[in-house]
Amino acid sequence: MKKHYLIATTLAVAGMAQAHAGALDQGNLSITGFGTLGVAKLDTDDVQFVRYNQAVGVRKTPRIGLDSNLGLQAGYQFSDALSGTAQVLTRKSTSPEFTTDLTWAFLKLKVNDEVTVRAGRIGLPAFTITDYQNVGYANTMMRPPIEMYGQVPIENIDGADLTYQHALGDTILTAQGFAGVSRGKLFVTVAAKYRAPTYGLALTAERGPVTLRFAHLNASLTNHEIGPLNGLVSSLNGAGFPQLARDFELVDKHVAFTEVGLNLDWNNIVVQTEYAQRRPQSTVYIPGTNTWYLMAGYRLGKVLPYYAHADYRSTGTNISVPAALGKVPPLAAAVTGFLSPSEQSSNLFGVRWDFAQSVALKVQVDRVHPRKKTGGLSSPKPGATIGDVTVIGASLDFVF
C-alpha cells in the first residue's frame, strides 16, 4: 500500500508542478519524469533472478518489483551560464521494499560553448547508457544486460566533473573527467554501507548515426558491514592466518574498470554493444572479469524486434591461499566458496512497440545460462540443481 501511495503522490505532484512551473518562475523551472511499470517471472522457484545491486528479484510467481521504477527530475536555469538539476528515483534496490533515493543533485556552470563544469551528486559515466540507464523509455531493451551492468553497481558520486566538447567537421568529440566519492549501499548477501573514492575519464565521438565511447575509472572500495565476510576474516585471524585475513578485509581495495562501446541507429537498423574489463588493483577477493554484449534490432514502423547476447567470464582473484589452510577443512571450504568465480551468458529476445506518444510497450524473454556456480542468479534453494532458466517480462515505459 505504501508503494502505491508513493507512486500516486509523486505523479500528482509532478503534474501540478509542471502545470504551474511557468506561472511561478517565468519558465526557468522545468519538471519532467519517467517510469516503468513492469512485470516478470522465472520458469522455476529453485533460484532468483535479480538486477544489479537488487536484494529481491523474481521466481516463478509474477512480480512487479524487478523492473518497475518512477523518476522525477527538476531543473532550474539561474542564468545563461548557471543551472541546477535534481533527480529522485523510486524502485526496489538494496531493500525488499520500494525506496526513494536522490540520484542526481548538481549545479552546472557553462564556462563557454565548449566547456562545462558540474558539482554535486552526478551520475558515474561507467557505461554507454549511464545518463539514461534507469529510463526505460530511452532504452531499446527492457533492461540493460545484467552481465555488463552488474560489474559496477555504483551509479553516482558526490564530486565534480569537467566536460569539453568540440566539433571537428561532422564529428562531435567529448571528453569528460570526473572525481568524487560514492556512498550508499551495496547488496552482497546483505545490504551493506560502502564508501568509494572514484575518479576517471570518458571519451565520446559522435558522427551521424554512430557513437563510439571509451571510459576508464578507478575506485577504492571500503565496506565494513558484510557479515559473512567479517565472520570469515575473524575466523582466519583466530586460526593463525593474519595475512589472508587482511587480504579478505574490504578496506581501501582498489579496482579499475575499462569500457568501450558503440551505438548505431541508421535507417531502420539499431545496434548497441559494449565490452568491459574489471581488474582488481589490490589484493582482494573481488574477481577480475571480461564482459560483453551485442544487441541488434530492426525497426518496422512503430515496432522494433531485437536480439541480444551477453556474456561475462572471470579472470580470477589475486589472493594467494597458503597450503597450510588445507589443514583446516571447514575454513578452507569457506575461503574456496568466496574465491570461486561466477560466470554467465544470456540470450535475449524482445520487441518494443511505440504505440502512443511518449509511451512504449516491451516484451522480453531472457534465456540465462549460469556457466559457473549460479552465475548472476541468487538465493538458490538448498539441494537444487541450477541449469538454464527463462525470464519472461513485459513493461510499459513512459516519460512525462
Side-chain angles (χ1 to χ4, degrees), residues 51-54 69 71 87 89 91 93-94 101 103-106 118 120-136 138-139 141 143-163 174-188 194-206 211-223 253-263 272-282 284 286-295 308 310-315 376:
R51 294 180 68 143
Y52 49 88
N53 207 27
Q54 197 171 55
N69 67 15
Q87 183 189 94
L89 181 64
R91 60 181 169 177
S93 184
T94 57
D101 300 306
T103 47
W104 293 354
F106 59 82
R118 299 188 301 176
R121 177 162 294 180
I122 57 179
L124 181 66
F127 300 104
T128 296
I129 62 170
T130 286
D131 287 342
Y132 53 92
Q133 71 183 67
N134 293 312
V135 184
N139 290 283
M141 291 177 283
R143 72 182 69 87
I146 62 172
E147 288 82 359
M148 174 66 68
Y149 284 75
Q151 303 307 308
V152 182
I154 297 172
E155 291 188 356
N156 52 52
I157 57 174
D158 296 330
D161 67 1
L162 185 149
T163 300
T174 304
Q176 179 187 8
F178 54 90
V181 178
S182 181
R183 302 176 179 88
K185 289 184 178 181
L186 296 178
F187 190 84
V188 186
Y194 75 92
R195 181 179 185 275
T198 305
Y199 65 92
L201 174 70
L203 303 174
T204 304
E206 301 175 64
T211 300
L212 297 173
R213 188 178 185 279
F214 166 85
H216 179 80
L217 65 89
N218 287 271
S220 178
L221 182 64
T222 295
N223 191 319
K253 296 301 176 76
H254 296 266
V255 180
F257 182 79
T258 304
E259 177 260 9
V260 292
L262 178 146
N263 280 0
Q272 181 176 310
T273 184
E274 293 180 81
Y275 172 81
Q277 294 184 344
R278 186 180 69 195
R279 295 291 185 267
Q281 305 297 298
S282 303
V284 61
I286 299 173
T289 57
N290 293 329
T291 312
W292 68 274
Y293 74 88
L294 172 65
M295 183 276 293
D311 183 277
Y312 81 89
R313 298 172 186 260
S314 173
T315 60

TODO: Take Gln151 and Tyr52 through the test side-chain hydrogen bond (donor to acceptor under 3.5 Å, both in side chains) and record every step on the way to the result.
DONE: CA-CA 8 Å; Gln151 303 307 308; Tyr52 49 88; over 6 Å; no
Taking the side chain as every heavy atom from C-beta outward, state whether [X] and [Y] have any pair of such atoms under 4.5 Å apart.
X      : Y      : value
Arg213 : Thr204 : yes
Glu147 : Asp311 : no
Arg278 : Val255 : yes
Pro153 : Leu186 : yes
Val188 : Asn223 : no

Quick one: does any side-chain atom of [X] pair with a main-chain N or O of [Y] as donor and acceptor, under 3.5 Å?
X      : Y      : result
Asn156 : Trp104 : no
Thr94  : Phe187 : no
Thr174 : Thr163 : no
Thr289 : Ser314 : no
Asp101 : Arg91  : no
Asn69  : Asn134 : yes
Ser220 : Pro197 : no
Asn263 : Gln272 : no

Open item on the list: The test is side chain to side chain contact (heavy atoms under 4.5 Å, CB included); show your working for Val181 and Arg195 and say whether it passes.
Closed with: CA-CA 7 Å; Val181 178; Arg195 181 179 185 275; 3.8 Å; yes
Could you pull out the closest heavy-atom pair between [X] and [Y], with the gap in Å?
X      : Y      : value
Asn53  : Ser93  : O-OG, 3.3 Å
His216 : Phe178 : O-CZ, 4.1 Å
Ala126 : Ala215 : O-CB, 4.0 Å
Ile154 : Ser182 : CG2-OG, 2.9 Å

Mind checking the [atom1]-[atom2] spacing from [X] to [Y]? Nearest 0.5 Å is all I need.
X      : Y      : atom1 : atom2 : answer
Tyr293 : Glu274 : OH    : CD    : 3.5 Å
Asn290 : Tyr275 : CG    : OH    : 4.0 Å
Asp161 : Leu201 : CG    : CG    : 11.0 Å
Phe106 : Arg121 : CZ    : CZ    : 12.5 Å

TODO: Give the C-alpha distance, both sets of side-chain angles, the deciding distance and a yes or no for side chain to side chain contact (heavy atoms under 4.5 Å, CB included) between Arg183 and Asp158.
DONE: CA-CA 8 Å; Arg183 302 176 179 88; Asp158 296 330; 3.3 Å; yes
TODO: Name the orientation class of the two ring planes belonging to Phe127 and Phe257 (parallel below 30°, tilted from 30 to 60°, perpendicular beyond 60°).
DONE: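 Because their plane-to-plane angle is over 60°, the rings of Phe127 and Phe257 count as perpendicular.
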Task: Side-chain ion pair, Glu155 and Arg51, N-O less than 4.0 Å - done: no
Open item on the list: Surrounding NZ of Lys253 (heavy atoms of other residues, nucleotides or ligands, distance under 6.0 Å), is the total greater than 12?
Closed with: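 Yes.
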Open item on the list: Under a plain distance cut-off of 3.5 Å, with no hydrogens placed, do Gln87 and Thr103 share a side-chain donor-acceptor pair?
Closed with: yes
